[in-house]
Amino acid sequence: MRTEHHPLLPSTPGARHELVSLHFGTSHARPGAGPKVYIQASLHADEVPSMLVAHHLRSRLAALDAAGQVTGEVVLVPAANPLGMGQWMLRSPQGRFEWGSGENFNRQFTDLTSAVIERCGDKLGADAQANVALVRTALRGAVAALPATTSLEHLRRTLLGMAVDADVVLDLHCDGEALLHLYSTHAGWDAGGELLTRCLGAEVALLAGRSGGDPFDEACSMLWPDLAERLGPAKPVPPACLAATIELRGEGDVAHGLAERDADAILVYLHHRGAIRLDPAPALPPTVCEPTPLAGSMPLHAPHGGVLVFLCEVGQRVCTGEPLAEIIDPITGATSVLTSPVDGLFFARERKRFAVAGMPIGKVAGREALRQGSLLSA
Ligand SMILES: [Zn+2]
């Protein structure tokens, strides 16, 4: 295992932050080497379960590396957001939005499609695999050339620089209270996403194209189908990166048993992708869920402030019109009942039990794509 330190540009004089990345195996750019896998934990710095999964991955990967069983390259960033990790106010962590700008840490990752075409479009030809190598070289250059003035911009550039040429990118997050679920792309589903869902035992897989907001995973994955569309069949470009945002249940699901299970599940996936070799070889897990459209994941919002009482547990199948929660105004006694907008799976809900007007309080995964525009929450 090799450890790399990445000092971040300070936004204010004297401030110091650094990213740390752990490297296992040998560069995937070497002939004969297996695929490159990039895994990061807690880009939203207050989403703790993934840091515990990374903790267990570190020791397992180190043992595999020492035994010569890392056949590709694995990069693990065990705490991807040192800026957000330090944002505490009145005893509460604030790891989702950067205080200086109000920006979500997992948005605004640059779409590099045009930059890649500028750098290597005229060099691409009829050989898809040769095109992948040329595109990856162009990507590394394009990320290195991105401007970065603030700590936040430098954080985004550094993370993207480590991930953008990978075959597999896993961005580990969590929800408020939730089933294990993931977000990926239509193109990625056949390029490893289906297998990842099985290995993780994810109960919901939400697929989209570009969902709006430019999250980290899409910056790594969507440029491949976008390149294929823009370059046409004469210059074939396969979906060479499977990227997924994995929601490791809820904020409070921080336990060794769960984290060890999730770390093992990720390693089973890495084995089947040829990045590591487990002994004995694990069997292919069964299919747990069919994918559903991200545009069919229907959010519920509080119509006014009040006490939030759930009438339905996470993981329940629900029907249109079924009551899921009540919002009770404690002063007037007025009560609103929130019902499911669709038939589907109630897979995620808020952890707090007091709502303010407009607050998202839960999500139901339905089968039909009903939403348009930006599909991600703030
Ligand atoms: Zn998150």
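As the structure lists them, so they are numbered: ligands from 1, and atoms in each ligand from 1.
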task: Check whether any side-chain heavy atom of Phe24 sits under 4.5 Å from a side-chain heavy atom of Glu73, and report yes or no.
output: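 No, side chains not in contact.
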message: Less than 2.8 Å away from the Zn ion (ligand 1), how many protein N/O/S atoms can be counted, ignoring water?
response: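 For the Zn ion (ligand 1), protein nitrogen, oxygen or sulfur atoms under 2.8 Å: 4.
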- request: Please work out which of the three classes, parallel, tilted or perpendicular, describes the rings of His23 and His6, given edges at 30° and 60°.
  value: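 Judged by the thresholds at 30° and 60°, the geometry between His6 and His23 is tilted.
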message: Parallel, tilted or perpendicular: which one describes the rings of Phe216 and Tyr38, with boundaries at 30° and 60°?
response: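 The rings of Phe216 and Tyr38 sit tilted, inter-plane angle from 30° to 60°.
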query: How is the hydrophobic cluster of Ile331 composed, in terms of its other members, when Ile, Leu, Val, Met, Phe, Trp and Tyr link through side-chain heavy atoms under 4.5 Å apart, directly or indirectly?
result: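 Answer for Ile331: none, a lone residue.
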task: Among Ile, Leu, Val, Met, Phe, Trp and Tyr joined by side-chain contacts under 4.5 Å, find the other residues sharing a cluster with Trp99 and list them by chain and number.
output: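 So far as hydrophobic clustering goes, Trp99 is joined with Met89, Leu90.
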Results of salt bridge (Lys or Arg N to Asp or Glu O under 4.0 Å) for Asp175 - residues two or more places apart only: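 Testing Asp175 for salt bridge (Lys or Arg N to Asp or Glu O under 4.0 Å), a comparison that skips the adjacent residues, returns Lys363.
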